[in-house]
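Worksheet for the structure shown next.
All values below were derived from every heavy atom in this structure, side-chain atoms included, with hydrogens, water molecules and symmetry-related copies excluded. No experiment lies behind these values; they were computed from the predicted model shown. Starting from 1, each residue takes its place in the sequence as its number.
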Amino acid sequence: MNSVSVRSLLVRGMLAGLAAGVLALVVAYLLGEPHVDAAIGFEEAHAHSHDAGEVELVSRSLQSTLGLATGILLYGLAFGGIAGLAFCFALGRVGRFGPRATAALLSGAGLLAVYVVPFLKYPANPPSVGDPETIGKRTTLYFLLMVLSVLLAVAATILGRRLAPSLGNWNATVVAVLGFAAAVGVAYALLPVVDEVPEDFPASLLWQFRLSALAIQVTLWSGFGLLFGHLAERLLSPAPAGAPAARTAAV
């Protein structure tokens, strides 16, 4: 793959990430924001003190509209560029898959390694859940697990590729997946548990917020995989230029 193709795929990845960000924004606004408002209402109702002179720097309405859109769209743009570069590396190295299939596999594996694995250990929490003094520790643990999950996914892919000639593609894939799951299980057991949910916090609200957070990520990753796969296919496997002319001449 030459530098022109890499640059073109990077641009298409950013465009696909931006478009997927728009889809994720709709899901976040319709599903996520109502649960955030409910959690903020719970926090305000259970506050022990309130500073009457406190000035709200950013209004809640601005946070839930322009702030939400800016954050998700910028994230989608950056995410799409990084995923586009990862696609350039993965194409032809993870099996004999075309651009669409490679983009779909990359999106699915990325969703699993980057989000689902850390999410199952350290799920997303709404406002009013979590001690402000431990936010640094919780953030460090989350990103540590995310990096570890990505490295384990890469290692499992390499393992599967090396075992394929001797075990066959199916058996090698099963061994690699089981090895990845076992390594993740060990990481879950070794990393500390974080449970700072207030006793009186509504369980249904917590569950709905976490499901909406998961839905946003699924929308982002799946939307990117479909859109980028289409764009990459058109770039790397264009239709033969002489096909329309040949059909016209035959008629």
Do [X] and [Y] share a hydrophobic cluster, counting only Ile, Leu, Val, Met, Phe, Trp and Tyr and linking them when any side-chain heavy atoms are less than 4.5 Å apart?
X	Y	result
Val150	Tyr142	yes
Leu106	Leu236	yes
Phe119	Phe224	yes
Leu112	Leu211	no
Leu231	Val11	no

Is there a donor-acceptor pair closer than 3.5 Å between any side-chain N or O of Lys121 and the backbone N or O of Ala189? no

For Ser212 and Phe209, indicate whether the former's side chain and the latter's backbone hold a donor-acceptor pair under 3.5 Å.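 Such a contact is found between Ser212 side chain and Phe209 backbone.
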
For a quick check under 3.5 Å, do Asn125 and Arg138 share a side-chain donor-acceptor pair by atom type? no

So how far is it from [X] [atom1] to [Y] [atom2], rounded to the nearest 0.5 Å?
X	Y	atom1	atom2	answer
Arg210	Leu120	CZ	CG	11.0 Å
Leu220	Tyr75	CG	OH	6.0 Å
Met14	Ile82	CE	CD1	10.0 Å
Thr139	Tyr122	OG1	OH	11.5 Å
Leu91	Ser5	CG	OG	10.0 Å
Thr102	Glu233	OG1	CD	9.5 Å

State, to 0.1 Å, how close [X] and [Y] come at their nearest heavy-atom pair, and which atoms those are.
X	Y	result
Glu196	Thr134	OE2-OG1, 2.8 Å
Leu145	Val117	CD2-O, 4.0 Å
Phe201	Pro126	CZ-CG, 3.7 Å
Ser8	Leu235	CB-CD2, 3.6 Å
Leu148	Ala187	CD2-CB, 3.6 Å
Leu227	Ala19	CD1-CB, 3.6 Å

With heavy-atom distances below 4.5 Å as the criterion, would you say the side chains of Leu73 and Leu18 are in contact?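 Contact flag for Leu73/Leu18 side chains = yes.
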
Apply side chain to side chain contact (heavy atoms under 4.5 Å, CB included) to residues Phe228 and Leu9 and explain how you reach the verdict. CA-CA 9 Å; Phe228 181 72; Leu9 288 170; 4.0 Å; yes

Using a side-chain heavy atom cutoff under 4.5 Å and only I, L, V, M, F, W and Y, what cluster partners does Tyr29 have? Leu25, Val26, Leu30, Leu68, Ile72

Other cluster members, Leu151 - Ile/Leu/Val/Met/Phe/Trp/Tyr, side-chain contacts below 4.5 Å: Val147

Please name all residues satisfying side chain to side chain donor-acceptor pair (under 3.5 Å) with Gln217, sequence neighbours left out, ordered by chain then number.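 Side chain to side chain donor-acceptor pair (under 3.5 Å) check on Gln217 returns Trp221.
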
Arg100 meets the side chain to side chain donor-acceptor pair (under 3.5 Å) criterion, sequence neighbours left out, with His230

Pairs of donor and acceptor atoms involving the side chains of residues 165-172, under 3.5 Å and at least two apart or interchain, shall be tabulated with distances.
residue	atom	partner	partner atom	Å
Ser166	OG	Leu163	O	3.1
Asn171	ND2	Leu167	O	3.1

Which pairs count as salt bridge (Lys or Arg N to Asp or Glu O under 4.0 Å) when at least one residue sits in residues 30-42, sequence neighbours excluded?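 Found Glu33-Arg60, Asp37-Arg60.
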
Run Phe180 and Ser149 through side chain to side chain contact (heavy atoms under 4.5 Å, CB included) and show every step you take. CA-CA 9 Å; Phe180 174 78; Ser149 175; 4.0 Å; yes

Assess whether atom CZ of Phe143 is packed by more than 12 heavy atoms of other residues, nucleotides or ligands within 6.0 Å. no

